[in-house]
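Since the structure comes first, as structure tokens, the remarks are kept for the end.
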Amino acid sequence: MKNIKVKRTVILLGILVSFLLLFGCSEEEDYQLVQESRFALGTYNQVTVYAPSEEEGQDIMDAVFTRVNEIENLMSINVEDSDISKLNEKAGESSVTVDPETFHLLDLGKEYKELTDGTFNIGIGTLIQLWDIGGDDQQVPEEAEIGSLLNHTDLNQLILNEDSYEARIEDPEMIVDLGGIAKGYAVDQAVQVIKNHGVEHAIVDFGGDVYVLGGNPDGNDWRIGISTPEIGESGVVGRLFSSDMSVVSSGDYERYFIENDQLYHHIIDPSTGHPTDNELSSVTVISDSALEGDILSTAMFVMGLEDGLDFVNDLEGVEAVLITKSKEVYLTTGVSDLFEIMDEEYTLAD
Ligand code: ADP
Ligand code: MG
């Protein structure tokens with residue numbers, strides 16, 4: 001038996017995707033399993049690496065979280081002098097020069113708004129602030145206020161100059177929010193850092209945005225639990241077998257508040273200005289990139305079951321697991337053999 005040491009600095013609370021049977025091991029190879037969780041980007045970020053030594057594992061952790069902090073300091077709307085805060089502050093006034101990384105994500109935001117028929121829109125920043133789900137000022141706003149902010153979400157008002165990395169928002173009443181992109185991007189960047197250190201087996205889980213690098217060192221695929229989307233419950237609906245893939249979930253049970261028996265959650269439908277309300281309770285996207293998964297899972301959650309399935313079926317290399325409020329699980333063809341239901345309250349739809 002090899003020597004596996006598990007290091008946990010923070011016990012993860014409320015993660016969306018949990019790992020099953022993580023600690024399989026092989027006879028031949030000698031790894032040190034190093035695991036650490038740190039808070040950033042508004043969530044717990046857990047990294048698990050199979051490193052050549054404990055010391056190298058620690059170095060990798062430091063490098064990963066340094067990278068995550070860089071991204072947060074550029075993209076977060078909650079960091080006062082981030083590129084995004086500066087851009088929003090100058091809305092209607094002037095351009096700001098942003099980091100090429102920020103520029104890239106703003107550009108993708110515009111592209112995915114078109115691709116997702118407006119269901120994913122980084123230009124709804126004022127609505128996100130108004131609801132402030134999970135924040136200190138969360139509230140059910142006045143309809144009139146929602147209605148007036150809906151007039152200021154047109155992403156054509158975000159002008160990008162790729163020669164100079166200048167960005168500007170023409171509409172003084174509009175702000176952008178990369179909250180639906182940055183976490184997925186950070187996962188992909190963390191994986192890159194880990195790969196650069198020569199590690200072959202790792203799991204990155206930033207608040208439910210997951211990438212599994214390589215396979216399980218026991219020679220099998222990783223087994224990734226898809227969390228139950230029921231409010232206040234923990235546990236898994238089923239598990240997915242996967243290697244070298246991102247597995248990213250969006251759901252209404254992650255960040256929310258309840259008022260007058262009504263659930264208000266953090267994914268806003270840009271066409272209504274309200275939290276999305278349809279038959280879905282979660283969407284998990286399986287693809288090569290957590291960035292793409294982050295965007296598409298949110299978009300499909302807004303689209304709803306039928307449109308979401310149609311949308312993903314047209315995309316190459318992207319698979320999905322959709323769970324409805326009536327506890328039906330819909331799978332795209334590419335994952336039908338890779339997913340196993342574990343909670344018998346849930347049934348597979350045909
Ligand atoms: P989930 O893991 O459930 O997808 P994320 O944190 O990845 O949650 O994405 C939700 C965040 O994205 C919100 O907190 C908000 O900042 C932003 N957001 C909410 N609705 C949308 C939307 N329709 N389009 C783009 N961004 C959104
Ligand atoms: Mg997401």
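Keep in mind the model is a prediction, meaning the values are calculated, not measured. Each ligand, and each atom within it, is numbered from 1 in the order the structure gives. Sequential numbering from 1 along the given sequence is applied to the chain's residues.
Within a 6.0 Å radius of CD in Glu340, other residues, nucleotides and ligands contribute more than 12 heavy atoms.
Inclusion of Ile268 in the set of residues having an N or O under 3.5 Å from an N or O of ligand 1 is warranted. Checked by distance only, ligand 1 and Gly180 come closer than 3.5 Å through their nitrogen or oxygen atoms. Taking distance alone, with nitrogen or oxygen atoms compared against 3.5 Å, Ser297 stays at or beyond that limit from ligand 1. On a distance-only criterion, Ser250 and ligand 1 share at least one N/O pair closer than 3.5 Å.
The atoms of ligand 1 that sit less than 4.0 Å from any heavy atom of Ile124 are 20 (N), 21 (C), 22 (C), 23 (N). Interface atoms of ligand 1 facing Asp177, defined by a heavy-atom separation under 4.0 Å, are 16 (O). Close contacts of ligand 1 with Lys183, meaning ligand atoms under 4.0 Å from a residue heavy atom, involve 2 (O), 6 (O), 7 (O). Near Thr298, meaning under 4.0 Å from one of its heavy atoms, ligand 1 places the atoms 4 (O). Of all atoms in ligand 1, numbered sequentially from 1 with element shown, those under 4.0 Å from a heavy atom of Thr119 are 22 (C), 23 (N), 24 (N). Listed by number with element, the atoms of ligand 1 under 4.0 angstrom from any heavy atom of Arg255 are 6 (O), 14 (O). Ligand 1 places these atoms under 4.0 Å from at least one heavy atom of Gly179: 6 (O), 9 (O), 11 (C), 12 (O), 16 (O). Every atom of ligand 1 is numbered from 1 in the order shown, and the set under 4.0 Å from a heavy atom of Asp294 is 7 (O).
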### Full working for salt bridge (Lys or Arg N to Asp or Glu O under 4.0 Å) between Lys325 and Asp277
CA-CA 11 Å; Lys325 289 175 178 139; Asp277 187 13; 3.6 Å; yes
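Side chains of Tyr264 and Gln139: no donor on one and acceptor on the other come within 3.5 Å. Residues Ser53 and Glu55 have side chains that never bring a donor and an acceptor to within less than 3.5 angstrom of each other. In this model, no donor atom of one side chain and acceptor atom of the other lie less than 3.5 Å apart for Gln46 and Ser37.
Using a 4.0 Å cut-off between charged side-chain N and carboxylate O, Arg168 and Glu170 make a salt bridge. Comment: Glu70 engages Arg67 in a salt bridge, judged by a side-chain N to carboxylate O separation of less than 4.0 angstrom. Salt-bridge formation is detected for the pair Lys327/Glu345: a Lys NZ or Arg NE/NH1/NH2 atom is positioned less than 4.0 Å from an Asp or Glu carboxylate oxygen. Between Asp62 and Arg38 there is a salt bridge, since a side-chain N of the basic residue sits under 4.0 Å from a carboxylate O of the acidic one. One finds no salt bridge joining Asp244 and Lys195 here, because no Lys/Arg side-chain nitrogen approaches an Asp/Glu carboxylate oxygen to under 4.0 Å.
Only backbone heavy atoms of Ser249 (N, CA, C or O) come within less than 4.0 Å of ligand 1; its side chain stays farther off. Contact annotation: for Ile128 versus ligand 1, heavy atoms closer than 4.0 Å belong to the side chain alone.
At least one N, O or S atom of Asp294 sits under 2.8 Å from the Mg ion (ligand 2).
Contact between Gly208 and ligand 1 is absent, with no heavy atom of the residue lying under 4.0 Å from the ligand.
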